[in-house]
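Worth knowing before you read on, the calculation uses all heavy atoms, side chains too, and leaves out hydrogens, waters and symmetry mates. Since this is a predicted model, take the numbers as computed values, not measurements. Order of the sequence lines sets the chain letters (A, B, ...), proteins ahead of strands, with each chain counted from 1.
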Amino acid sequence: MEFSPKLLSSDFFSQKTEKIAADLLGKVLVRRVGNKEISGIIIETEAYLGTQDKACHSHKGLTPRTKVMFGPAGRWYVYLVYGMYYCLNLVTEPEGNPCAVLIRALKPISGVAPSIKADGPGKLCKAFQVNGAFNNKEADNLNSGLYLQGQDISLLPREIKKAKRVGVDYAGERWKNRLLRFYTEKF
DNA sequence: GTCCGGATCTTT
DNA sequence: AAGATCCGGACA
């Protein structure tokens, strides 16, 4: 009982993208590789709001890469940036509304050496051995090897900070300045 | 087929 | 401040 992981339910995934981005703070990402487990608390995320959001990959419509985002919520969207780093996202919103939440930073709990950092979208994927193979896999499935877990603690509103998203200055005034980045200093 | 730029990170 | 490194998307 006390060791059974509490996977996030479909209720969680059916919330609005911005709500999910904020609520993911404090949740635990678990990577199972063989009989080892790598885990960490999510401390920074960003919301990407679909076809109208010029910073969102899906804003140009359905393409091979963005296909996952058009699917149901609760799956992983993993892509390669700058030719060498993977970024891990959680797909949100009902089918046909291609939104996602980028997981930007984790505080490692177990399975990673203290010298290894997970304080950036590319770095956390490296530390957690996340690659394109997880694209379109379910985030609430123990067998996928990469899943989300809830915790009993929940953050107070004032423990959730908001900021502009990183690296999206090309998105135009309206979208580059929106406070769609969420982070906490609690952990 | 060719070209351009990027939801990053490390090193200088 | 610049380099690493390569895929996706636009255009032809």
**Request:** Provide the full list of salt bridge (charged side-chain N to carboxylate O under 4.0 Å, His left out) pairs with a residue in residues 133-144 of chain A, sequence neighbours left out, each pair given once.
**Result:** none
**Request:** Would you mind classifying the nucleic acid contact of G122(A) as base, sugar-phosphate or nothing, using non-hydrogen atoms under 4.0 angstrom?
**Result:** sugar-phosphate
**Asked** Can you check whether R104(A) has a side-chain N or O nearer than 4.0 Å to OP1 or OP2 of dT8(B)?
**Response** yes
**Message:** It should be established whether Y85(A) places a side-chain nitrogen or oxygen under 4.0 Å from OP1 or OP2 of nucleotide dG6(B).
**Reply:** no
**Prompt:** What nucleic acid atoms does R65(A) come within less than 4.0 Å of, heavy atoms only: base, sugar-phosphate, or nothing?
**Reply:** sugar-phosphate
**Prompt:** Could you state the OH-C1' distance from Y170(A) to dC4(B), rounded to the nearest angstrom?
**Reply:** 14 Å
**Message:** Checking base pairs now: Watson-Crick or wobble, both atom distances under 3.5 Å. What partners dA7(B)?
**Reply:** none
**Asked** Is Y48(A) stacked on the base of dA7(B) when the test is centres under 5.5 angstrom and planes under 30 degrees?
**Response** yes
**Request:** Starting at atom NZ of K164(A), determine the distance to atom C1' of dA7(B), rounded to an integer number of angstrom.
**Result:** 16 Å
**Request:** Rounded off to whole Å, could you give me the CG-to-C1' distance for the N89(A) and dA7(B) pair?
**Result:** 7 Å
**Complete:** Quick note, Y82(A) side chain, CB onward, closest among dG9(C), dT8(B), dC7(C) is dT8(B)
**Request:** Could you tell me whether a side-chain N or O of T63(A) sits under 3.5 Å from a main-chain N or O of T66(A), the two making a donor and an acceptor?
**Result:** yes
**Message:** Rounded to whole Å, please give me the gap between OH in Y79(A) and C1' in dG9(C).
**Reply:** 15 Å
**Request:** Map D119(A) and G83(A) onto DNA chain B by nearest heavy atom, then report which one ends up closer to the 5' terminus.
**Result:** G83(A)
**Asked** Please give, in whole Å, the distance from dA10(C) C1' to H59(A) NE2?
**Response** 13 Å
**Prompt:** Is E44(A) salt-bridged to R181(A), going by a charged N under 4.0 Å from an acidic O?
**Reply:** yes
**dT2(B) versus dT5(C) - spacing of their P atoms, nearest Å** = 22 Å
**Pair D119(A) + K123(A): basic N to acidic O under 4.0 Å** = yes
**Complete:** When rounded to whole Å, the NZ to P distance for the pair K67(A) and dG8(C) reads 15 Å
**side chain to side chain contact (heavy atoms under 4.5 Å, CB included) partner of V101(A), chosen from N89(A), L24(A), V91(A)** = L24(A)
**Message:** Measuring to OP1 and OP2 of dA7(B), would you say a side-chain N or O of H57(A) lies under 4.0 angstrom away?
**Reply:** yes
**Prompt:** Any Lys/Arg nitrogen of R165(A) or E46(A) sitting under 4.0 Å from an Asp/Glu carboxylate oxygen of the other?
**Reply:** no
**Message:** Using whole Å, what does the distance between atom C1' of nucleotide dC9(B) and atom NZ of K126(A) come to?
**Reply:** 9 Å
**Short side-chain N/O contact to dT10(B) OP1/OP2 from K123(A), under 4.0 Å** = yes
**Message:** Partner lookup for dT5(C), please. Criteria are Watson-Crick or G-U wobble with both distances under 3.5 angstrom; report none if nothing qualifies.
**Reply:** none
**Prompt:** Within this structure, what is the OH-to-C1' distance between Y86(A) and dC7(C), rounded to whole angstrom?
**Reply:** 10 Å
**Asked** Can you tell me if the side-chain N/O atoms of T63(A) get under 4.0 Å from OP1 or OP2 in dG8(C)?
**Response** no
